[in-house]
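One structure is given below, encoded as structure tokens.
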There are 2 protein chains.
Amino acid sequence: MARVIAEREDVIPMLAEIFRAYGFEGASLARISEGTKLGKGSIYHFFPGGKEEMAQAVLEQVDQWFKQHVFDALLERADAMEGIKAMFDDVSRYFLSGRRVCLVGVFALGNERDRFANRVRDYFAAWIDALAAALVRTGRTPQEASALAKEVVGGIQGALVLSRALDQTDVFTDILHTLQARLLTS
Amino acid sequence: MARVIAEREDVIPMLAEIFRAYGFEGASLARISEGTKLGKGSIYHFFPGGKEEMAQAVLEQVDQWFKQHVFDALLERADAMEGIKAMFDDVSRYFLSGRRVCLVGVFALGNERDRFANRVRDYFAAWIDALAAALVRTGRTPQEASALAKEVVGGIQGALVLSRALDQTDVFTDILHTLQARLLTS
DNA sequence: GTCTATAGAGTGATAGAC
DNA sequence: GTCTATCACTCTATAGAC
């Protein structure tokens, strides 16, 4: 038995979905073992630090995904408006039009926040900074840009809460369209 | 020995803070016992249905608070604008300027949502409907009013996520001011 | 033999229910 | 307080690639 069936990298997305669904405390090793189809031995082989290390790895991967797909487009695209449009497209796809929640948002609301405070803060700070920088390039003042960026990033998190609460994905897409329209006009 | 130290009604607000802080699964009986200064026996005397009944009682009380303070002001004040202003004041006070999270929002994001789906849905639906009705009375079309109400209620939830993530209460109050300004002008 | 990925019995602690 | 189930985690034992 036992040759390479999975690698650490392959396990992280599965862990992400489990932490998303159950939070940090609710993600029991039984659920993780079931969700990854891995025995405890394999799990602790990949993550000797236990659940803490698993969550760190997941947050790290979320960070990297947003950095590559969202933040870099906002910061580096020659046309800032195009970068902002790309952000909304990527975010809508990433959150499956509201059916998937934001792991960092879930952690921010729970007592997990204290344990992962730096990562949670940095994730949102990086997003707000990147969006604000793009908005400055569209002609906003830094003050306007910062306030708008916070409103939009917060609005996206709220849209996730609301669409899940009402169980209507169109609430998520409607709010995202409204937010996008506010950034691209005036 | 054993005289009435607490009543069921007195326990509910304490339970609310525990569920807020730890979520449904994270609110262990040990934490509940410690937070309420009640033995397990007393807890099960008040809530024979266990944690499920405790959470239902808490959600019920949250519903009633919002109905009395927020929804009724929105629906019944002669001056709809005044009702909207009162909503923002009450909400800002209720959430302690962002330091306290929304219990229903926390439940909406977690797998608790399925267990309490009706209550979670009804809470947000009632809020959105009451705000939209007030906005119609300020001269908006029903379509505008509904979209704006969803954006604002979602925006408040997002402001809670963001202010906790960044650990800055002024993010919450800033976003609420922006949302309020959007409703009271144009 | 060594190394890595696997499975899972077994640990004490703690869970919720009563 | 007592119950059983489950918790996170440890440890031993395996199989196959070098």
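Residue numbers begin at 1 in each chain, while the letters A, B, ... track the order of the sequences.
A salt bridge between B:Glu112 and B:Arg115 is absent, with no side-chain N of the basic residue lying under 4.0 Å from a carboxylate O of the acidic one.
Position along DNA chain D of the nearest nucleotide to A:Leu29 versus B:Gly41 favours B:Gly41 as the more 5'-ward residue.
Atom P of nucleotide D:dC9 and atom CE of A:Met54 are separated by 7 Å, given to the nearest angstrom. Following rounding to the nearest Å, B:Glu25 (CD) and D:dA5 (P) show an atom-to-atom distance of 19 Å. Straight-line distance from the CD atom of A:Glu34 to the P atom of D:dC7: 11 Å, rounded to whole Å. Atoms CG (B:Leu38) and C1' (D:dG1) sit 16 Å apart, rounded to a whole Å. Look at CD1 on A:Ile43: it is 15 Å from C1' on C:dA9, rounded to the nearest Å. Taking atom CD of A:Glu53 as the reference point, atom C1' of D:dT10 lies 16 Å away to the nearest angstrom. Rounding to whole angstrom units, OH of residue A:Tyr22 and C1' of C:dA15 are separated by 18 Å. Atom P of nucleotide C:dA15 and atom CD of B:Glu52 are separated by 19 Å, given to the nearest angstrom.
Ring geometry for B:Phe66 versus B:Tyr123: interplanar angle over 60°, hence perpendicular rather than tilted (30 to 60°).
Not one N or O on the side chain of A:Ser92 forms a donor-acceptor pair closer than 3.5 Å with the backbone of A:Phe88.
Of the side-chain N and O atoms in B:Tyr44, none sit less than 4.0 angstrom from OP1 or OP2 of C:dC18. OP1 or OP2 of C:dA7 sits under 4.0 Å from a side-chain N or O of A:Ser42.
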Derivation of the side chain to side chain contact (heavy atoms under 4.5 Å, CB included) call for A:Val91 and A:Trp127: CA-CA 11 Å; A:Val91 163; A:Trp127 192 350; 3.7 Å; yes

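Minimum atom distance to the side chain of A:Ser28 is reached by D:dC7, of the listed C:dT6, D:dC7, C:dA15. Comparing D:dT2, C:dA5, D:dA8 by their closest approach to the side chain of B:Lys40 singles out D:dT2.
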